[in-house]
Amino acid sequence: MGIRSTLPLCAVVAGTAALQIPLLSPHQQAPLEAADKTKPLINSSALQDLISGDRLFTRAKKLFDIAKLGEDEYNHPTRVIGSAGHEGTLAYIYESILQLGDYYKLDNQSFPAVSGNVFESRLVIGNSVSKSAAPMGLTPPTQNKQPVHGDLVLVENEGCQIGDFPDSVSGNIAFIKRGTCPFGTKSEHAGQKGATAAIVYNYEKDAVQGTLGTPSPNHVATFGLSGKEAGPVLEKLEKKDKVDAIAYIDADVKQIITRNIIAQTSEGDPNNCVMLGAHSDSVAEGPGINDDGSGSISLLEVATQLTKFNVSNCVRFAWWAGEEEGLLGSDYYVATLPEEENIKIRLFMDYDMMASPNFAYQIYNATNAVNPNGSEELRDLYIDWYKDQGLNYTFIPFDGRSDYDGFIRGGIPGGGIATGAEGIKTKEEEKQFGGKAGEWYDHCYHQLCDDLSNVNMTAWIVNTKLIAHSVGTYARSFKGFPKRTSSVASSAYESEAKYHGSMLYI
Ligand SMILES: *[C@@H]1O[C@H](CO)[C@@H](O)[C@H](O)[C@H]1NC(C)=O
Ligand SMILES: *[C@@H]1O[C@H](CO)[C@@H](O)[C@H](O)[C@H]1NC(C)=O
Ligand SMILES: *[C@@H]1O[C@H](CO)[C@@H](O)[C@H](O)[C@H]1NC(C)=O
Ligand SMILES: *[C@@H]1O[C@H](CO)[C@@H](O)[C@H](O)[C@H]1NC(C)=O
Ligand SMILES: *[C@@H]1O[C@H](CO)[C@@H](O)[C@H](O)[C@H]1NC(C)=O
Ligand SMILES: *[C@@H]1O[C@H](CO)[C@@H](O)[C@H](O)[C@H]1NC(C)=O
Ligand SMILES: *[C@@H]1O[C@H](CO)[C@@H](O)[C@H](O)[C@H]1NC(C)=O
Ligand SMILES: [Zn+2]
């Protein structure tokens with residue numbers, strides 16, 4: 001999941017009975033049998049009963065070991081696309097499904113992606129090392145991956161026109177205000193005018209953590225800077241005082257091929273599919289055990305236990321790649337789906353971050369007023385389940401921050417659940433879910449410490465059971481669920497979705 005805060009729009013309180021997590025009984029984990037005799041028709045509660053915390057955590061340990069494959073290149077565990085850790089993740093998912101025999105048809109879907117990696121960076125303004133400076137995603141390195149020294153040159157307006165850049169920027173460092181046009185455009189203009197680096201400073205006091213987006217040969221090494229740090233610098237520059245700086249970024253931007261993994265049941269009506277997804281990749285900064293190792297593993301476990309049943313409707317699992325680079329895999333999947341295939345997908349369910357350590361049970365507020373018909377029925381399935389368990393839940397905006405986005409734009413009903421990223425838990429939520437008010441839901445969000453200690457098992461088991469329930473319900477029947485009519489996005493969603501994946505780009 002991406003960078004914006006996900007403060008709940010409102011909170012809903014259900015009953016107060018505590019959830020009982022059934023103990024694992026040994027016979028439930030018997031080896032999978034070949035489909036040579038008739039299996040019982042899928043039953044949601046029977047599938048939920050097969051979800052075990054031990055099995056989820058065993059897989060998490062495996063995934064963390066896989067993330068360590070990224071250490072050679074990145075000096076720490078990671079499963080970012082293009083890394084050995086991500087390749088290992090794909091192999092693990094693929095092998096796990098392959099072991100289930102002919103219950104699933106497996107597919108790799110390859111697509112091109114740009115992968116950026118910042119190894120080291122530093123910005124010194126005057127005599128002090130900047131605290132807020134953050135290299136932009138997909139930034140090129142400074143020349144020869146060496147520090148560059150120059151004067152800061154104030155750019156007029158917001159640097160959206162090449163004419164905003166004075167000639168004196170050549171050989172120096174452009175100092176540009178955030179706003180109006182994408183960061184990538186500003187960096188490109190700076191490069192065209194011969195700047196050796198660029199700094200985009202915020203109009204708000206916060207830091208700027210953004211991305212340059214699609215690489216351009218004219219991009220120069222670019223930092224974001226907080227408005228707070230920029231203030232005194234601006235004062236000097238406006239008085240025509242000289243401010244010098246040293247910028248240094250060691251980074252790589254490369255074009256790679258990565259892939260989505262899709263597994264579809266061999267049985268079940270292929271014209272009426274329930275589809276669900278999680279993302280297989282992490283950010284470069286860490287191993288991504290909660291984001292989204294948790295969702296990826298939940299899907300693997302549900303897919304494994306589902307093989308003990310027969311299904312009426314087809315079930316299609318997806319592990320997306322490149323989510324962290326801007327929903328690349330899921331976008332590619334929907335964009336390349338022929339119309340006749342699009343309408344076979346009755347709904348898409350997104351499972352990104354199931355086990356945040358300071359969790360809330362969050363449901364995407366996907367309504368039929370704004371989203372394809374059926375999105376609200378899915379939302380209500382989640383509500384009813386939490387209520388039945390006596391658990392509280394909150395609504396969060398359904399605004400384009402994860403892999404459901406392409407589906408909604410493609411007219412496919414969607415929704416999902418999450419447990420929170422960098423948003424701050426409220427006092428009310430502390431009462432509803434436990435944990436700590438005033439802190440992030442996931443204090444290791446997009447960081448190195450998103451490791452084995454960064455999952456709350458209670459939340460993870462609860463949500464994996466809910467995933468099992470969603471699969472069990474729709475694999476059995478779509479009774480009462482709206483039929484597909486169109487493969488076009490509603491304009492209402494277009495105007496409400498202000499994000500496309502994780503990073504700010506403007
Ligand atoms: C959910 O979204 C709808 C718009 O589709 C809005 O009217 C409603 O207030 C939202 N509910 C919550 C709890 O945020
Ligand atoms: C699964 O169910 C379908 C119809 O619902 C039936 O034709 C098929 O034989 C069943 N398969 C198994 C393995 O039970
Ligand atoms: C589903 O399984 C549960 C046991 O897990 C059982 O009590 C229930 O009767 C089953 N429902 C159906 C419709 O078969
Ligand atoms: C699909 O990808 C997996 C994981 O990388 C790989 O092991 C497998 O050989 C690939 N299968 C095909 C048919 O390309
Ligand atoms: C639900 O939230 C209320 C406070 O709004 C709290 O008293 C109750 O204990 C919570 N229920 C559970 C199961 O945590
Ligand atoms: C998980 O969350 C529950 C409920 O807030 C809490 O009781 C439990 O201690 C947490 N577990 C861990 C390992 O933090
Ligand atoms: C949505 O689906 C329901 C149930 O199938 C149907 O009654 C309703 O007319 C549909 N609404 C729209 C706008 O298509
Ligand atoms: Zn995520």
Side-chain angles (χ1 to χ4, degrees), residues 4-21 272 274 313 342-343 345-348 350 356-401 404-405 407-420 423 425-437 441 456-463 465-466 473-474 477-499:
R4 206 178 58 91
S5 86
T6 52
L7 290 180
L9 298 174
C10 85
V12 185
V13 180
T16 53
L19 177 82
Q20 298 294 318
I21 293 165
N272 287 285
V274 41
N313 295 316
N342 176 305
I343 58 167
I345 303 173
R346 293 292 294 273
L347 81 168
F348 173 74
D350 189 62
S356 301
N358 192 28
F359 68 90
Y361 293 125
Q362 303 178 333
I363 302 175
Y364 291 122
N365 182 28
T367 59
N368 288 347
V370 176
N371 302 286
N373 203 8
S375 302
E376 193 161 325
E377 280 77 1
L378 173 61
R379 185 195 73 173
D380 294 347
L381 174 121
Y382 298 131
I383 294 175
D384 291 346
W385 190 87
Y386 283 125
K387 280 187 179 161
D388 281 351
Q389 310 295 318
L391 293 170
N392 297 307
Y393 58 89
T394 61
F395 285 137
I396 56 164
F398 193 55
D399 58 2
R401 221 184 148 199
Y404 53 79
D405 188 73
F407 288 84
I408 299 299
R409 290 176 194 273
I412 300 168
I417 54 172
T419 51
K425 185 174 258 185
T426 63
K427 283 231 162 65
E428 179 54 29
E429 287 176 329
E430 182 183 294
K431 290 187 197 123
Q432 292 180 290
F433 306 106
K436 261 203 172 138
Y441 300 106
N456 183 291
M457 287 312 299
T458 307
W460 199 4
I461 295 167
V462 163
N463 281 333
K465 283 173 179 284
L466 178 47
T473 302
Y474 298 121
S477 170
F478 280 118
K479 192 155 170 269
F481 196 85
K483 291 223 160 26
R484 288 291 310 282
T485 49
S486 152
S487 62
V488 207
S490 95
S491 56
Y493 179 78
E494 297 279 352
S495 65
E496 290 210 355
K498 297 180 181 66
Y499 301 88

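Atoms within each ligand, like the ligands themselves, are counted from 1 in listed order. Along the sequence shown, residues are numbered consecutively beginning with 1. Note that the structure is predicted; figures quoted are calculated from it, not measured.
- There is a protein heavy atom closer than 4.0 angstrom to atom 2 (O) of ligand 7.
- Residue-to-ligand polar distances keep Arg379 apart from ligand 1: every N/O pair is separated by 3.5 Å or more.
- Looking only at atom types and distance, the side chain of Tyr441 has a donor-acceptor partner in the side chain of Glu429 under 3.5 Å away.
- Every atom of ligand 5 is numbered from 1 in the order shown, and the set under 4.0 Å from a heavy atom of Glu428 is 5 (O).
- Listed by atom number, the atoms of ligand 7 under 4.0 Å from Pro482 heavy atoms are 2 (O), 5 (O).
- Looking at Asn358 and Lys425, their side chains do bring a donor and an acceptor atom within 3.5 Å of each other.
- Counting heavy atoms from C-beta outward, Tyr361 and Thr394 have side chains that stay 4.5 Å or more apart.
- For ligand 1 and Val370, the ligand atoms under 4.0 Å from any heavy atom of the residue are 5 (O).
- Counting only heavy atoms from C-beta outward, the side chains of Thr367 and Asn365 approach each other to under 4.5 Å.
- Looking at Lys483 next to ligand 7, no N or O pair under 3.5 Å apart turns up.
- Atom 11 (N) of ligand 7 lies below 4.0 Å from at least one non-hydrogen atom of the protein.
- Side chains of Asn342 and Arg484: a donor on one and an acceptor on the other come within 3.5 Å.
- The shortest side-chain heavy-atom distance between Leu347 and Phe407 does not fall under the 4.5 Å cut-off.
- No cation-pi contact links Lys479 to Tyr474, judged by a cut-off of 6.0 Å to the six-membered ring centre and 45° from its axis.
- Close contacts between ligand 5 and Gly390 involve ligand atoms 13 (C) [criterion: under 4.0 Å to a heavy atom].
- In this structure, atom 9 (O) of ligand 7 lies nearest to the protein heavy atom Asn373 ND2, 4.7 Å.
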